[in-house]
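Just so you know, residue 1 is the first one in the sequence shown, and it goes up from there. Source: prediction; values computed, not measured.
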Amino acid sequence: MSKQADIIRELQDRVNATEAICQDLLSHLYNSEAQGRIKFDDYRIKYTQEAIGRREAEAKAKQVQDNFNTAKADFRDMAEANFWTLVFLSEKQRQEKLDDIWCTITSGLALPEDAKRPQHTVPELTVDQLINRRAELLESINKANATQYNDTIEHCNQSKADFALSMERERDKQVAEINRKDGLSESERQRQVSEVEAYFEREIKKHLLEMNRQISSAEVGLKRLDDHKAELAKVEQALAKQLTH
């Protein structure tokens, strides 16, 4: 108990000394002992644990509200960007799609406990909108070249196999030449072999990545073409329905 009392007394002495130093510095800064004392008391009130906790809670609440406001704005923008997807869905499917968009946007965000997905209304299609969208889709479809996309995929798949086989043969040839060299220590021979093998491994991997990139790009093009064709059918159906009423 005596040791604990000594520690408490030592801490209190340090606190007293710190307070005295702060007051002296503030008095010097403001050229007034009274002003220094007032400023010191302001700091002491401002930096109590209760005050710090309150400020932290306020900052957290503000951040949460800012997150919510940003999420609502992003949701509105993304929902509008998905207009031509949403407009042809049933009401149930539309709400599910909007839920997915909201979940994607808010994933990992701290939000108010009562935060709900904003309502979003998809306006009815007009004839002008359908005509313009039909023109956009036809232009995109006409510009796309499905044959080229398929040829690219076929070529790249074949190139991956051919290139790897060719490089592996060249690698084995160079390794064999190293192994036939005279006057090399075993460590030097192994070093040269390792360098050759690492080089060809890098080249094969680099080529593989490039071919996969081109394949992925072509597949995206084909998917977009299919999506636009499917949407065009819906647009033409909706346009015909509107024009016959």
(message) Is there a path of hydrophobic side-chain contacts, each under 4.5 Å between heavy atoms of I/L/V/M/F/W/Y residues, joining L243 to L138?
(response) yes

(message) Between Q158 and H155, is the side-chain contact (heavy atoms from CB on, under 4.5 Å) condition met? List the steps.
(response) CA-CA 5 Å; Q158 187 62 49; H155 166 76; 5.9 Å; no

(request) Using the test side-chain contact (heavy atoms from CB on, under 4.5 Å), find all partners of A164 that sit at least two apart in sequence or belong to another chain. (result) E168, I204

(message) Quick check for you: to the nearest 0.5 Å, what is the distance between Q237 atom CD and K234 atom NZ?
(response) 9.5 Å

Using residues 193-200 as the side-chain source, report each donor-acceptor pair under 3.5 Å to any protein atom, sequence neighbours left out, with the distance given to one decimal.
residue	atom	partner	partner atom	Å
S194	OG	Q190	O	2.9
S194	OG	Q190	NE2	3.4
E195	OE1	R191	NH1	3.3
E195	OE2	R191	NH1	2.4

Name each donor-acceptor pair under 3.5 Å that joins a side chain in residues 218-229 to protein atoms two or more places apart or in another chain, with its distance.
residue	atom	partner	partner atom	Å
K223	NZ	D227	OD1	3.1
K223	NZ	D227	OD2	2.8
H228	ND1	S140	OG	2.8

(request) Just jot down the side-chain contact (heavy atoms from CB on, under 4.5 Å) partners of K181, sequence neighbours excluded, or say none. (result) L184, R189, Q192

(message) Quick check: do V87 and Q129 have side-chain heavy atoms less than 4.5 Å from each other?
(response) no

(request) Count the heavy atoms belonging to other residues, nucleotides or ligands that lie under 6.0 Å from CD of E33, then report whether that count exceeds 12. (result) no

(request) Give a yes-or-no answer on whether the side chains of E210 and Q214 include a donor-acceptor pair shorter than 3.5 Å. (result) yes

(request) Give the cluster check for I131 versus V235: same hydrophobic cluster or not, with ILVMFWY residues linked at side-chain heavy-atom distances below 4.5 Å. (result) yes

(message) Test of understanding: with salt bridge (charged side-chain N to carboxylate O under 4.0 Å, His left out), list the residues that count as partners of E136, not counting sequence neighbours.
(response) R133

(request) Can you run down the ring-ring contact (aromatic ring centres under 6.0 Å, His included) pairs that involve residues 88-117, sequence neighbours left out, and say none if there aren't any? (result) F75-W102

(message) Between S217 and R213 (side chain of the first, backbone of the second, donor and acceptor by atom type, cut-off under 3.5 Å), is there such a pair?
(response) no

(request) Please identify each residue that fulfils salt bridge (charged side-chain N to carboxylate O under 4.0 Å, His left out) with K60, with sequence neighbours left out. (result) none

(request) Please list all pairs passing the salt bridge (Lys or Arg N to Asp or Glu O under 4.0 Å) test where one or both residues lie in residues 86-96, with sequence neighbours left out. (result) E91-R94

(request) Give the other cluster members for I21, using side-chain heavy-atom distances under 4.5 Å between Ile, Leu, Val, Met, Phe, Trp and Tyr residues; answer none if it is isolated. (result) L25

(request) Before giving the answer on salt bridge (Lys or Arg N to Asp or Glu O under 4.0 Å), spell out for E139 and K143 the whole-Å C-alpha distance, their side-chain angles and the decisive distance to 0.1 Å. (result) CA-CA 6 Å; E139 182 180 9; K143 284 183 177 179; 3.3 Å; yes

(message) Could you report the tightest heavy-atom contact between T106 and A71, atom names first, then the distance?
(response) CG2-CB, 4.0 Å

(message) Assess, by modelled atom type and distance only, whether the side chains of S90 and Q93 contain a donor and an acceptor separated by less than 3.5 Å.
(response) yes

(request) Answer with yes or no whether the hydrophobic clustering places L86 together with M78; edges join I, L, V, M, F, W, Y residues whose side-chain heavy atoms lie under 4.5 Å apart. (result) yes

(message) If I take atom CZ from residue R169 and atom CZ from residue R171, how far apart are they, to the nearest 0.5 angstrom?
(response) 12.0 Å

(request) Can you run down the ring-ring contact (aromatic ring centres under 6.0 Å, His included) pairs that involve residues 131-153, sequence neighbours left out, and say none if there aren't any? (result) none

(request) Drop me the distance from T70's OG1 to Q65's CD, to the nearest 0.5 angstrom. (result) 10.0 Å

(request) Establish, from distance only, whether the side-chain atoms of N150 and E154 form a donor-acceptor pair under 3.5 Å. (result) no

(message) Would you say that K72 contacts N69 through its side chain, given a criterion of any heavy-atom pair below 4.5 Å between the two side chains?
(response) yes

(request) Rounded to the nearest 0.5 Å, what's the gap from CE on M211 to NZ on K160? Could you check? (result) 9.5 Å

With a cut-off of 3.5 Å and sequence neighbours excluded, list every side-chain donor-acceptor pair involving residues 107-120.
residue	atom	partner	partner atom	Å
R117	NE	D99	OD1	2.7
R117	NH2	Q95	OE1	2.7
R117	NH2	D99	OD1	3.3

(request) Would you check if the side chain of T244 reaches a backbone N or O of A240 as a donor-acceptor pair within less than 3.5 Å? (result) yes

(message) How long is the straight-line distance from NZ of K97 back to CG of D100, given to the nearest 0.5 Å?
(response) 6.5 Å

(message) Can you tell me how far apart CG (D74) and CD1 (I101) are? Round to the nearest 0.5 Å.
(response) 11.5 Å

(request) Could you tell me whether the side chain of Q242 and the main chain of L125 form a donor-acceptor pair under 3.5 Å? (result) yes

(message) Starting from I105, can I reach V64 by hopping between I/L/V/M/F/W/Y residues whose side chains sit under 4.5 Å apart?
(response) no

(request) Sequence neighbours left out, what pairs pass ring-ring contact (aromatic ring centres under 6.0 Å, His included) with at least one residue falling in residues 203-224? (result) F163-H207

